[in-house]
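First comes the structure, then the notes that go with it.
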Amino acid sequence: MRFSKMHGAGNDFVVLDLRDGRAPPDAAQCARIADRHLGVGCDQLLTVEAPRSEGAVASYRIWNSDGSAARQCGNGARCIAAWLLRDGAAPANGGFAIDSPAGRHEVARDAQGGFVIDMGAPGFLPEAVPLRGWHVAQDEYTLDIDGIAVRFGAVSMGNPHAVIEAADVATAPVAELGPAMQASLAFPESVNVGFAEVVSRDRIRLRVFERGVGETLACGSGACAAVASLARRGRIDAEREIAVELPGGTLRIRIDRTDGRIRMGGPTAFVFEGSILS
Ligand SMILES: N[C@H](CCC[C@H](N)C(=O)O)C(=O)O
């Protein structure tokens with residue numbers, strides 16, 4: 001089976017073209033393809049499929065490296081857009097739509113030739129995240145994790161995110177607190193855990209311990225969730241474009257003040273093409 005290897009700010013993907021209607025790999029096959037020793041290696045596997053909404057160019061689905069399905073992947077959305085453009089299926093100047101499991105996304109181009117994805121409006125209701133133990137949306141929640149009171153924001157971008165503010169992301173306990181938060185009964189579907197350092201009113205540094213993967217070099221939906229949560233808490237200026245510096249690169253996030261939808265721009269790269277033999 002032929003594939004494209006791509007990344008968006010270092011968050012890497014194996015892309016399969018299943019527009020002919022072939023069934024996607026099952027969870028075990030996805031995990032094997034994603035394995036960095038036994039397979040091709042990636043954070044997520046993305047499948048390009050027939051569109052689901054009127055006028056969309058294509059739809060895509062997302063599987064984490066542990067084989068679990070995800071409903072949203074911001075860096076993946078940009079890579080799918082670039083893949084469709086190279087395939088000749090989408091116009092070079094943007095202005096087309098793609099369907100993720102979380103909904104329809106309009107795609108535009110920015111001045112640098114990057115892709116800007118409409119990621120939709122963040123969901124703050126606990127039931128939307130989902131987050132158990134609360135019924136009313138709060139700017140910040142507190143959980144006792146192994147005797148430590150952890151303060152976090154909770155946001156859905158079509159997938160669940162917890163956003164923890166850190167004084168310095170370089171020393172944040174990502175590898176310890178990430179899994180501990182994911183194991184909490186407060187998150188019945190687990191959670192992507194972001195550690196965000198506010199550098200200025202329009203710049204943050206972010207590291208994300210992703211559900212189904214672990215720490216990645218970048219997380220697009222995580223960048224959107226961090227901006228949404230920190231803006232709600234008044235820690236950054238929601239009127240401005242926010243630069244989100246992740247270990248693998250910088251994403252540019254803007255909240256549309258008219259409809260609350262979040263738009264995310266950033267790089268994409270084709271790394272190699274290949275065939276999966278086993
Ligand atoms: N890396 C992706 C997020 C994948 C989300 C997945 N880890 C999950 O929700 O289970 C991004 O750029 O948004």
Side-chain angles (χ1 to χ4, degrees), residues 5-15 27 30-31 34 41-47 60-83 98-103 105 107 114-123 128-131 154-163 174 178-179 181-184 187-196 204 206-229 242 244-253 261-269:
K5 182 72 192 302
M6 301 183 74
H7 75 84
N11 182 195
D12 67 332
F13 310 106
V14 167
V15 182
C30 287
C42 60
D43 292 330
Q44 279 94 17
L45 185 139
L46 306 174
T47 56
Y60 62 102
R61 282 192 278 178
I62 307 140
W63 282 267
N64 291 312
S65 56
D66 71 351
S68 62
R71 298 186 68 249
Q72 186 59 274
C73 182
N75 290 316
R78 295 198 317 278
C79 286
I80 292 291
W83 190 96
I98 52 180
D99 297 317
S100 77
H105 304 279
V107 180
F115 291 88
V116 179
I117 307 291
D118 175 344
M119 293 290 286
V129 177
L131 174 66
V155 186
S156 172
M157 288 305 302
N159 58 348
H161 291 271
V163 181
V174 176
M181 290 284 281
Q182 291 179 340
S184 167
F187 295 103
E189 295 178 12
S190 185
V191 65
N192 298 285
V193 187
F195 296 80
I204 66 173
L206 180 68
R207 291 171 66 187
V208 183
F209 193 92
E210 285 196 31
R211 176 176 63 173
V213 184
E215 182 172 6
T216 55
L217 291 177
C219 181
S221 55
C224 296
V227 167
S229 176
I242 307 298
V244 180
E245 295 176 2
L246 296 120
T250 298
L251 302 182
R252 295 177 305 284
I253 310 293
R261 298 177 74 89
I262 295 184
R263 289 175 178 78
M264 166 207 62
T268 57

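As the structure lists them, so they are numbered: ligands from 1, and atoms in each ligand from 1.
Among all protein heavy atoms, the one lying closest to atom 4 (C) of ligand 1 is Glu210 OE1, 3.2 Å. Scanning the protein for heavy atoms near atom 2 (C) of ligand 1, the closest one is Cys73 SG, 3.4 Å. For atom 12 (O) of ligand 1, the closest heavy atom belonging to the protein is Gly220 N, 2.7 Å. Shortest contact from atom 6 (C) of ligand 1 to any protein heavy atom: Asn64 OD1, 3.2 Å.
Panel note: side chain Arg71, backbone Pro101; a donor-acceptor pair is recorded below 3.5 Å. Remark: the backbone N or O of Glu189 is paired with a side-chain donor or acceptor of Arg211 at under 3.5 angstrom. Looking only at distances, no side-chain donor or acceptor of Asn192 sits under 3.5 Å from a matching main-chain atom of His161. With Gln72 contributing its side chain and Ala102 its backbone, the two residues share no donor-acceptor pair below 3.5 Å.
Between Gly76 and ligand 1, no N or O atom pair is found at a separation short of 3.5 Å. Note: an N/O pair closer than 3.5 Å links Arg211 and ligand 1 by distance alone. Considering backbone and side-chain N/O atoms, Gly74 comes within less than 3.5 Å of an N/O atom of ligand 1.
A donor-acceptor contact under 3.5 angstrom links the side chains of Ser221 and Asn159, judged on distance only. No side-chain donor from either of Asn75 and Gln44 sits under 3.5 Å from a side-chain acceptor of the other.
Only the backbone of Gln72 comes within 4.0 Å of ligand 1, judged by heavy-atom distances. The proximity of Asp43 to ligand 1, defined as any non-hydrogen pair under 4.0 Å, does not occur for either the backbone or the side chain.
Within ligand 1, the atoms closer than 4.0 Å to a non-hydrogen atom of Asn159 are 5 (C), 9 (O), numbered from 1 in the order shown. Listed by atom number, the atoms of ligand 1 under 4.0 Å from Asn11 heavy atoms are 1 (N), 2 (C), 11 (C), 12 (O). For ligand 1, the atoms closer than 4.0 angstrom to any heavy atom of Asn75 are 11 (C), 12 (O).
Rounded to the nearest 0.5 angstrom, Tyr60 OH and Cys73 SG are separated by 7.0 Å.
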*Given Glu210 and Asn11, is the side-chain contact (heavy atoms from CB on, under 4.5 Å) satisfied, shown in steps?*
CA-CA 11 Å; Glu210 285 196 31; Asn11 182 195; 4.2 Å; yes
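Comparing Gly214, Ser221, Cys224, Gly266 against atom 13 (O) of ligand 1, the shortest heavy-atom distance belongs to Ser221.
Pairs passing the salt bridge (Lys or Arg N to Asp or Glu O under 4.0 Å) check and including a residue from residues 214-223, sequence neighbours excluded, read Arg207-Glu215.
Contact annotation: Thr216 has no heavy atom less than 4.0 Å from any atom of ligand 1. Distances from ligand 1 to the non-hydrogen atoms of Gly212 include no value under 4.0 Å.
Looking at His105 and Ile80, their side chains never come closer than 4.5 Å, going by heavy atoms from C-beta outward.
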